[in-house]
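Accompanying notes for the structure given below.
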Amino acid sequence: MKNSFYDDVYAVVRLVPTGRITSYGAIATYLGVKSSSRMVGWAMNLAHTQADVPAHRVVNRIGLLTGKHHFGFPNRMQELLEAEGINIKNNQVADFDKLFWNPFTEISI
DNA sequence: GATGTGACTGACC
DNA sequence: TGGTCAGCCACAT
């Protein structure tokens, strides 16, 4: 099924460049459902069935790897991010402000 | 069909 | 400044 909320989430997440990250709220806001940022988290949960969706590049608003436990092993998400050149400190992205990928700025809705 | 839960965020005390 | 509360919607039981 296309044109659904989840497909839009996947589409945006797929646009996140390597070595960059974004937040659930940013995606939700970009899709016009900022109040339902939790749905983005659920979308990520279902995104596990979508191999093309880099869910590890999506973190919460402070850069915390809240969803790392959903990657099978807690270290998986961190290793994936580090493999892309992103430094992780205490389950949190060190340069979150610099690496943050803003859909509004990059996609220019 | 109703209830509970969740990878969040913003606002309030 | 920091902790707590409520809202949001879809999926699972």
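A, B, ... follow the sequence lines: proteins, then strands. Residue 1 opens every chain. Small disclaimer: the values here were computed from a predicted structure and weren't measured.
Crowding of A:Arg14 atom CZ: a count of heavy atoms from other residues, nucleotides or ligands under 6.0 Å exceeding 12. Enclosure of atom NE2 in A:His48 by more than 12 non-hydrogen atoms of other residues, nucleotides or ligands within 6.0 angstrom is indicated.
Looking at heavy atoms from C-beta onward, A:Arg57 lies in side-chain contact with A:Thr18 at the 4.5 angstrom threshold. In this structure, A:Tyr10 and A:Asp52 have side chains that are not in contact, with every pair of non-hydrogen atoms separated by 4.5 Å or more. When side chains are defined from C-beta on, A:Val9 counts as touching A:Met44, because their heavy atoms get closer than 4.5 Å. Residues A:Met77 and A:Ile88 have side chains not in contact (no heavy-atom distance under 4.5 Å, counting atoms from C-beta outward). Side-chain contact between A:Val12 and A:Asp8 is absent, with no heavy-atom pair separated by less than 4.5 Å. Using a 4.5 Å cut-off on side-chain heavy atoms (C-beta onward), A:Thr22 and A:Tyr30 make no contact. For the pair A:Asn45/A:Tyr6, no side-chain contact is recorded, criterion being any heavy-atom separation below 4.5 Å from C-beta on. Residues A:Val33 and A:Met39 fail the side-chain proximity criterion, which asks for heavy atoms closer than 4.5 Å.
A:Lys68 has its NZ atom 17 Å from the P atom of B:dG6, to the nearest Å. Atoms CH2 (A:Trp42) and C1' (B:dT5) sit 7 Å apart, rounded to a whole Å. Taking atom CG on A:Leu80 and atom P on B:dA7, their separation rounds to 18 Å, with Å as the unit. Atom NE2 in A:His70 sits about 9 Å away from atom P in B:dG6, given to the nearest Å. Distance A:Ile21 CD1 to B:dC8 C1': 16 Å, rounded to the nearest Å. The distance between atom CG of A:Asn45 and atom C1' of B:dC8, rounded to the nearest whole Å, is 14 Å.
Counting only Watson-Crick and G-U wobble pairs whose two key distances fall under 3.5 Å, DNA chain B forms stems of three or more stacked pairs at B:2-6 with C:9-13, B:8-13 with C:2-7.
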Got a list of protein N/O to nucleotides 9-13 of chain B N/O distances below 3.5 Å?
{"unit_1": "B:dT9", "atom_1": "OP1", "unit_2": "A:Gly25", "atom_2": "N", "d": "3.4"}
{"unit_1": "B:dT9", "atom_1": "OP1", "unit_2": "A:Arg61", "atom_2": "N", "d": "2.9"}
{"unit_1": "B:dT9", "atom_1": "OP2", "unit_2": "A:Arg61", "atom_2": "N", "d": "2.8"}
{"unit_1": "B:dT9", "atom_1": "O4'", "unit_2": "A:Ser37", "atom_2": "OG", "d": "3.3"}

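The nucleotide range of DNA chain C contacted by chain A, defined by atoms under 4.0 angstrom from heavy atoms of the protein and reported 5' to 3', is C:dG7 to C:dC11.
At a threshold of 4.0 angstrom between heavy atoms, the contacts of A:Ala55 include nucleobase atoms, whether or not backbone atoms are also involved. No contact: A:His56 has no heavy atom under 4.0 Å from any strand.
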Yes or no on side chain to side chain contact (heavy atoms under 4.5 Å, CB included) for A:Asn90 and A:Leu64, after CA distance, side-chain angles and deciding distance? CA-CA 8 Å; A:Asn90 296 327; A:Leu64 197 64; over 6 Å; no

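Of the C1' atoms belonging to C:dG3 and B:dA7, the separation is 22 Å, rounded to the nearest Å.
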